[in-house]
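Taking it in order: structure first as structure tokens, then the write-up.
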Number of protein chains: 2
Amino acid sequence: MKMSGGVEWALHCAFALTAADHPVSAARLAEMHDVSASYLAKQLQAMSRAGLVRSAQGHAGGYELTRPPSEITVLDVVEAVDGPTPAFLCTDVRARGPLAASPEACRTPCAIHRAMTAADEAWRASLRSVTIADLTAQVTGEHGPGVLAGVRNWLASAT
Amino acid sequence: MKMSGGVEWALHCAFALTAADHPVSAARLAEMHDVSASYLAKQLQAMSRAGLVRSAQGHAGGYELTRPPSEITVLDVVEAVDGPTPAFLCTDVRARGPLAASPEACRTPCAIHRAMTAADEAWRASLRSVTIADLTAQVTGEHGPGVLAGVRNWLASAT
DNA sequence: GTATCCATACTCGGATAGTGGTTGTCCGAGTTGCTGGGG
DNA sequence: CCCCAGCAACTCGGACAACCACTATCCGAGTATGGATAC
């Protein structure tokens, strides 16, 4: 089980967009993080489709957050990029084979399915409890407000 | 993000081995669940490597649990089959690009890494809180003790 | 009748191909800002 | 001096290959069982 590596990039971009007050192009974000611009664009498109960021075309276009960072959770970003499908897919093994359970007994999810779903929900709840604003607060608290200002200045400066 | 489908098979096998009091061959378990015998063998080998089941060769060989079901958690099975590696891999994006953080500032994990690790730990804790014995108890409570007896009888009967 | 030996059949275990999904890339459609000219 | 049209450059968005992990399979190594045989 491996999560898409683009999730990390998307989260870093969300953090950067918190600092910026202008729309920032995908190429700029890619240069800042030293990652593939083409592939990062794909993640940003996914976030745009999910409604987390707004895209603007044209000369001074780019991406910007649609909501305050305090209203965007880490789970929002993860689900936007990695998809909302749970990692575990129950194939109803109990309904197959010579000992197949009766269809009416399979009305409710099996015990295994419930355990996996509960774990998945715990994972999601943990990610839902952290917002992008929380991340920036942690960074500021540990490394000072200079980091945020540095990002803002770099994004505002020309190439 | 998608978990290996073999995890579900392995959990069903663990449940079946709880009912059986003899070693059960991989082919038998595959026939019972109507799944590929060759591929199920791979999952059982992984469980054997993890020490969850003991394998016996020869005419009346097969697999059997090494511990009481109450001492085997769902997490044990998941980690045995799917690997113990966390789904999220931090590639230290903050240490790259023109705004790279200083190496000594990267001594501690970044905020994103921490959030993902916390969620992963919540997921693991949820899976760790459920044992195979809990699963059998749930099945017995919902569908009666006949299910377990049926599995035992079928596994004891000849082909 | 009993112990021993052997052939047999059954088991696991790891090495070997096929396939779907993630990763990475590219080019076209659309929009904005700027520049030059005209009134 | 102000307004407008045209241009050019920059942006996003989706369509197109390459690589890797999961899926599925096969055959060889090893061992307990059962029967036949000798004592």
Side-chain angles (χ1 to χ4, degrees), chain A residues 1-10 13 17 20 22-31 33-64 66 78 80-83 85 87-89 91 93 155 158-159, chain B residues 1-10 13 17 20 22-31 33-64 66 78 80-83 85 87-89 91 93 155 158-159:
Chain A
M1 184 172 56
K2 185 173 156 294
M3 176 178 299
S4 166
V7 170
E8 187 185 8
W9 298 7
C13 286
L17 289 177
H22 300 277
V24 184
S25 74
R28 205 94 226 280
L29 288 169
E31 182 190 2
H33 295 116
D34 189 24
V35 296
S36 160
S38 308
Y39 190 39
L40 181 61
K42 193 182 262 299
Q43 322 304 338
L44 290 167
Q45 285 167 30
M47 290 175 76
S48 174
R49 240 171 287 156
L52 296 180
V53 299
R54 168 199 325 283
S55 69
Q57 279 189 337
H59 199 131
Y63 293 95
E64 59 187 349
T66 57
V78 170
V81 173
D82 205 58
T85 310
F88 179 82
L89 260 76
T91 56
V93 170
L155 289 176
T159 310
Chain B
M1 184 171 57
K2 186 172 155 296
M3 175 179 299
S4 166
V7 171
E8 188 184 8
W9 299 5
C13 285
L17 289 177
H22 300 278
V24 183
S25 73
R28 206 93 227 282
L29 289 168
E31 182 190 1
H33 295 116
D34 188 24
V35 295
S36 160
S38 308
Y39 190 38
L40 181 60
K42 192 181 261 301
Q43 321 304 337
L44 290 167
Q45 283 166 30
M47 290 175 76
S48 174
R49 241 170 288 156
L52 297 180
V53 298
R54 168 197 328 281
S55 69
Q57 279 188 337
H59 200 132
Y63 293 96
E64 59 187 348
T66 57
V78 170
V81 173
D82 205 58
T85 310
F88 179 82
L89 260 76
T91 57
V93 169
L155 287 176
T159 309

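In what follows, chains are A, B, ... by sequence order, proteins preceding strands, each numbered from 1. Just the heavy atoms: all of them, side chains too, but no hydrogens, waters or symmetry mates, feed the values below.
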* Structure fact -> Rounded to the nearest 0.5 Å, the CZ atom of A:F88 sits from the CD atom of B:E8 at a distance of 4.0 Å

* Asked: Which whole-number value in Å describes the distance from A:Y39 OH to C:dC27 P?
  -> 20 Å

* Would you say A:R49 reaches D:dG14's phosphate, i.e. side-chain N/O to OP1/OP2 under 4.0 Å? -> yes

* Using a 4.0 Å heavy-atom cut-off across all strands, classify A:A26 as base, sugar-phosphate, or nothing. => sugar-phosphate

* Of all the nucleotides listed (D:dT23, C:dG14, C:dC12), which has the minimum atom distance to the side chain of B:S4? -> D:dT23

* Asked: Among D:dA24, C:dC12, C:dG24, which nucleotide sits nearest the side chain of B:S55?
  -> C:dC12

* Protein-nucleotide distance (A:L89, atom CG; C:dG20, atom P), rounded to Å -> 16 Å

* Derivation of the side chain to side chain contact (heavy atoms under 4.5 Å, CB included) call for A:V24 and A:Y63 -> CA-CA 5 Å; A:V24 184; A:Y63 293 95; 5.9 Å; no

* Hey, which sits more toward the 5' end of DNA chain C by its nearest nucleotide, A:K42 or A:G58? => A:K42

* Closer to the 5' end of DNA chain D via nearest nucleotide, is it B:S38 or B:A60? -> B:S38

* B:Y63, nearest nucleotide to its side chain (from D:dG13, C:dT22, C:dC12) -> C:dC12

* About how many Å separate OG of B:S4 and CG of B:D82, when rounded to the nearest 0.5 Å? -> 5.5 Å

* Considering only side-chain heavy atoms of B:H59, which listed nucleotide, D:dA32, C:dT25, D:dG14, is closest? -> D:dA32

* Asked: In terms of side-chain heavy atoms of B:S25, which of D:dA15, C:dC12, C:dT22 is nearest?
  -> C:dC12

* Structure fact -> Separation of C:dG21 atom C1' from A:D82 atom CG, nearest Å, is 12 Å

* Taking the side chain of A:Q57 as its heavy atoms from C-beta onward, which of D:dT11, D:dA15, D:dT23 lies nearest to it? -> D:dT11

* Have a look at A:S36 and say if it touches a base, only the backbone sugar-phosphate, or nothing, with a 4.0 Å heavy-atom cut-off. => sugar-phosphate

* Of the candidate nucleotides D:dG14, C:dT23, D:dA24, which contains the atom at the shortest distance from the side chain of A:K2? -> C:dT23

* **B:V81 versus B:G6, closest heavy-atom pair with distance** => CG1-C, 4.0 Å

* Asked: Which whole-number value in Å describes the distance from A:H22 NE2 to C:dG33 P?
  -> 13 Å

* **Integer-rounded Å distance: D:dA15 P and A:Q45 CD** => 10 Å

* To do: Please tell me which of the listed nucleotides, C:dC26, C:dT23, D:dA24, lies nearest to the side chain of B:W9?
  => D:dA24

* To do: Take the protein atom CZ of A:F88 and the nucleotide atom C1' of D:dC22, then report the distance between them rounded to whole Å.
  => 16 Å

* To do: Please report, rounded to the nearest Å, how far the P atom of C:dT23 is from the CD atom of A:Q43.
  => 7 Å

Side-chain donor-acceptor contacts of residues 52-62 of chain B below 3.5 Å, not counting sequence neighbours, with atom names and distances?
none

* Interatomic distance, A:Q43 atom CD to A:S36 atom OG [nearest 0.5 angstrom] -> 9.5 Å

* To do: Could you state the atom-to-atom distance from CG of A:L40 to P of C:dG24 in whole Å?
  => 11 Å

* To do: Could you tell me whether A:M1 contacts a base, only the sugar-phosphate backbone, or nothing, with contacts defined as non-hydrogen atoms closer than 4.0 Å?
  => sugar-phosphate

